[in-house]
Amino acid sequence: MVGDAVLCKKLADALLNDHGMYVQPINYPTVPRGTERLRFTPSPAHSDAMMHVLVDALNIVWDAHRLARAA
């Protein structure tokens, strides 16, 4: 959950441009304003190692944008 349309797009762009990972930013009208989020679509072709790389990339992008983490 991101909660901001502009930031959601920035995060998706950073994941694609800096880490080669396509993630969909989901914004209004698909979701209500204030509930913007990133959509991940894993498949059986994604290995555990790939998931770990994704988590590492998310941590880098989250920290770069100074976002808080949910408890």
Side-chain angles (χ1 to χ4, degrees):
M1 184 75 70
V2 178
D4 177 275
V6 173
L7 182 57
C8 194
K9 176 75 167 105
K10 284 182 182 180
L11 296 172
D13 288 347
L15 286 166
L16 181 61
N17 296 330
D18 301 340
H19 302 278
M21 296 177 181
Y22 176 70
V23 178
Q24 293 175 301
I26 307 300
N27 295 318
Y28 177 85
T30 305
V31 297
R33 285 185 174 96
T35 65
E36 295 83 3
R37 62 199 71 194
L38 297 173
R39 177 180 290 158
F40 298 88
T41 310
S43 76
H46 292 97
S47 67
D48 288 345
M50 293 167 105
M51 294 297 177
H52 290 291
V53 171
L54 169 63
V55 170
D56 290 342
L58 281 170
N59 281 321
I60 291 167
V61 169
W62 232 248
D63 290 343
H65 289 84
R66 296 187 172 111
L67 296 172
R69 289 177 170 77

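If you read the sequence from its start, that first residue is 1, and numbering goes on from there.
- L38 and V31 are members of different hydrophobic clusters when ILVMFWY side chains are connected at heavy-atom separations under 4.5 Å.
- When the side chains of ILVMFWY residues are joined at heavy-atom separations under 4.5 Å, either directly or via intervening members, V23 and M1 end up in two distinct hydrophobic clusters.
- Side-chain contact between T41 and Y22 is absent, with no heavy atoms from C-beta onward closer than 4.5 Å.
- The hydrophobic cluster containing L58 does not contain I26, counting ILVMFWY residues as joined when their side-chain heavy atoms lie under 4.5 angstrom apart, directly or transitively.
- Using modelled atom types, one side-chain atom of R37 and one backbone atom of T35 make a donor-acceptor pair closer than 3.5 Å.
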For residues 5-21, run the donor-acceptor check on the side chains, cut-off 3.5 Å, and write out each pair with its distance to 0.1 Å, sequence neighbours left out.
| residue | atom | partner | partner atom | Å |
| --- | --- | --- | --- | --- |
| K9 | NZ | D13 | OD1 | 2.7 |
| K9 | NZ | D13 | OD2 | 3.3 |
| N17 | ND2 | D13 | O | 3.2 |

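- The CG atom of D4 sits 10.5 Å away from the NE2 atom of H65 when rounded to the nearest 0.5 Å.
- With a 4.5 Å cut-off on side-chain heavy atoms, M51 and P42 count as touching.
- Sequence neighbours left out, the pairs with a member in residues 53-63 that pass salt bridge (Lys or Arg N to Asp or Glu O under 4.0 Å) are D63-R69.
- Atom OH of Y28 has 12 or fewer heavy atoms from other residues, nucleotides or ligands within 6.0 Å.
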